[in-house]
2 protein chains.
Amino acid sequence: MTRPTFKSFKEEALKREGVKKSYDKLSAGYEVRKQLIALRQKAGLTQEQMAEILQTNKSNISRLESVSSNISPKLSTLTDYAAAVGYKLKIVFVPDNEVRI
Amino acid sequence: MTRPTFKSFKEEALKREGVKKSYDKLSAGYEVRKQLIALRQKAGLTQEQMAEILQTNKSNISRLESVSSNISPKLSTLTDYAAAVGYKLKIVFVPDNEVRI
DNA sequence: AAAGAGGTTATCACAAATGATAACTGCGTC
DNA sequence: GACGCAGTTATCATTTGTGATAACCTCTTT
């Protein structure tokens, strides 16, 4: 065998992609939404008040927080939301060493 | 004074928003892009190889990584990118206790 | 039971991110 | 200098997130 180069790397990558595509988008999104709700509630705000601060409508806040929503928000949307309650966003990339069955 | 309620909270929030709007979008985006590039390079991949894994084109990868780009990527875009190099995304909300002049 | 508060869902219009193609730069190599 | 490699930039088409409005649901209160 040659040393691990692009071809093998790509296969591994695609394996990850394939297995986790739907799962990831759901879980990542799910976690974020839970955090959004928690942040807002900790600040003691309603969706409507949140909407007022962010100069939008409560329905949009609801959609953003909604777990069943399968939209993938923009980074700036999350940043704005966080800023509205006095937080900032930190994006961390963690190695994905999970065992695949 | 009454206890701190929505009105005062909103004023503070808007202050944060106003001061940091442009700054935040730049800095947050800037940091992320630097991380993206670092991740890809650590994996020893070119933009073109990255594009192949993600089944897109190298120009799109370049745009995503480009610091001068003022787009705000979708969460799923970052997640996919990270997954391609064996990482997952963790989004942390940190209190923004910075001193404002 | 009527009214209000808090949240959800549907829909439409609009803005913005992404996909795709092509042309270009800079750089090293032959 | 021609060639290939890595990355950039511009442009257009398409997809998708977001803004806005309205109707609805569930509690709670009166």
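Predicted, not measured: the structure shown is a model, and the values here were computed from it. The chains referred to below are lettered A, B, ... by the order of the sequence lines, with proteins before strands, and numbering in each begins at 1.
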Q.
So, using side-chain contact (heavy atoms from CB on, under 4.5 Å) as the criterion, who are the partners of A:Leu39 when residues are at least two apart?
A. A:Val85, A:Tyr87, B:Phe93
(Q) Could you tell me how far apart A:Glu52 (CD) and C:dG6 (C1') are, to the nearest whole angstrom? (A) 15 Å
Q) Which residues satisfy the salt bridge (charged side-chain N to carboxylate O under 4.0 Å, His left out) test with A:Arg63, sequence neighbours excluded? A) none
Report all interatomic pairs (protein N or O, nucleotide N or O of nucleotides 15-18 of chain D) with separations under 3.5 Å.
unit_1: D:dG17; atom_1: OP1; unit_2: A:Ser72; atom_2: N; d: 3.0
unit_1: D:dT18; atom_1: OP1; unit_2: A:Lys74; atom_2: N; d: 2.9
unit_1: D:dT18; atom_1: OP1; unit_2: A:Thr77; atom_2: OG1; d: 2.2

Q: Mark up nucleotides 22-30 of chain C, 5' to 3', with B wherever a protein heavy atom is under 4.0 angstrom from a base atom, S wherever such an atom reaches only the sugar-phosphate, and - elsewhere.
A: B--------
Q) Starting at CD of B:Glu65 and ending at C1' of D:dA6, how long is that distance when rounded to a whole Å? A) 11 Å
Q | side-chain contact (heavy atoms from CB on, under 4.5 Å) partners for B:Ser59, two or more places apart | A | B:Asn57
Q. Between C:dG7 atom P and A:Ile37 atom CD1, what is the distance in whole Å?
A. 9 Å
Q | Whole-Å distance separating the CG atom of A:Leu45 from the C1' atom of C:dA5 | A | 15 Å
Q. What is the distance, rounded to the nearest whole Å, between atom CD1 of B:Ile61 and atom P of C:dT21?
A. 15 Å
Q) B:Arg33 CZ to D:dG7 P: how many Å, rounded? A) 17 Å
(Q) Using the side-chain contact (heavy atoms from CB on, under 4.5 Å) criterion, which residues pair with B:Ser62? Sequence neighbours excluded. (A) B:Gln47
Q: May I ask you to verify if any side-chain N or O of A:Asn57 is less than 4.0 angstrom from the OP1 or OP2 atom of D:dG19?
A: no
Q.
With a 4.0 Å limit, can you tell me whether B:Ser62 has a side-chain N or O closer than that to the phosphate oxygens OP1/OP2 of D:dT8?
A. yes
Q: Let me know which of A:Ile61, A:Leu64, A:Asp80 forms a side chain to side chain contact (heavy atoms under 4.5 Å, CB included) with A:Thr56.
A: A:Ile61
**Q.** Length of the CD-C1' vector between B:Gln55 and C:dT18, whole Å
**A.** 14 Å
Q: Kindly write out the residues that satisfy side chain to side chain donor-acceptor pair (under 3.5 Å) with A:Thr77, not counting sequence neighbours, or none if the list is empty.
A: none
Q: Take atom CZ of B:Arg40 and atom C1' of D:dT8, then tell me their distance rounded to the nearest Å.
A: 12 Å
Q: Indicate whether any N or O donor in one side chain lies under 3.5 Å from an N or O acceptor in the other, for B:Glu65 and B:Tyr81.
A: yes
Q. Is there a side chain to side chain contact (heavy atoms under 4.5 Å, CB included) between B:Thr46 and B:Met50 once you walk through the steps?
A. CA-CA 6 Å; B:Thr46 67; B:Met50 197 69 181; over 6 Å; no
Q | Counterpart residues, salt bridge (charged side-chain N to carboxylate O under 4.0 Å, His left out), relative to B:Lys90 (two or more places apart) | A | none
Q.
Can you give me the bend angle of the helix from C:dA1-D:dT30 to C:dC30-D:dG1? Use the axis through the first five pairs and the one through the last five, nearest 10 degrees.
A. 30°
Q) In Å, rounded to the nearest 0.5 Å, how long is the span from NZ of B:Lys34 to CG of B:Leu36? A) 12.0 Å
Q. Which other residues end up in the same hydrophobic cluster as A:Val94, if Ile, Leu, Val, Met, Phe, Trp and Tyr are linked when side-chain heavy atoms come under 4.5 Å apart?
A. A:Val92, B:Val92, B:Val94
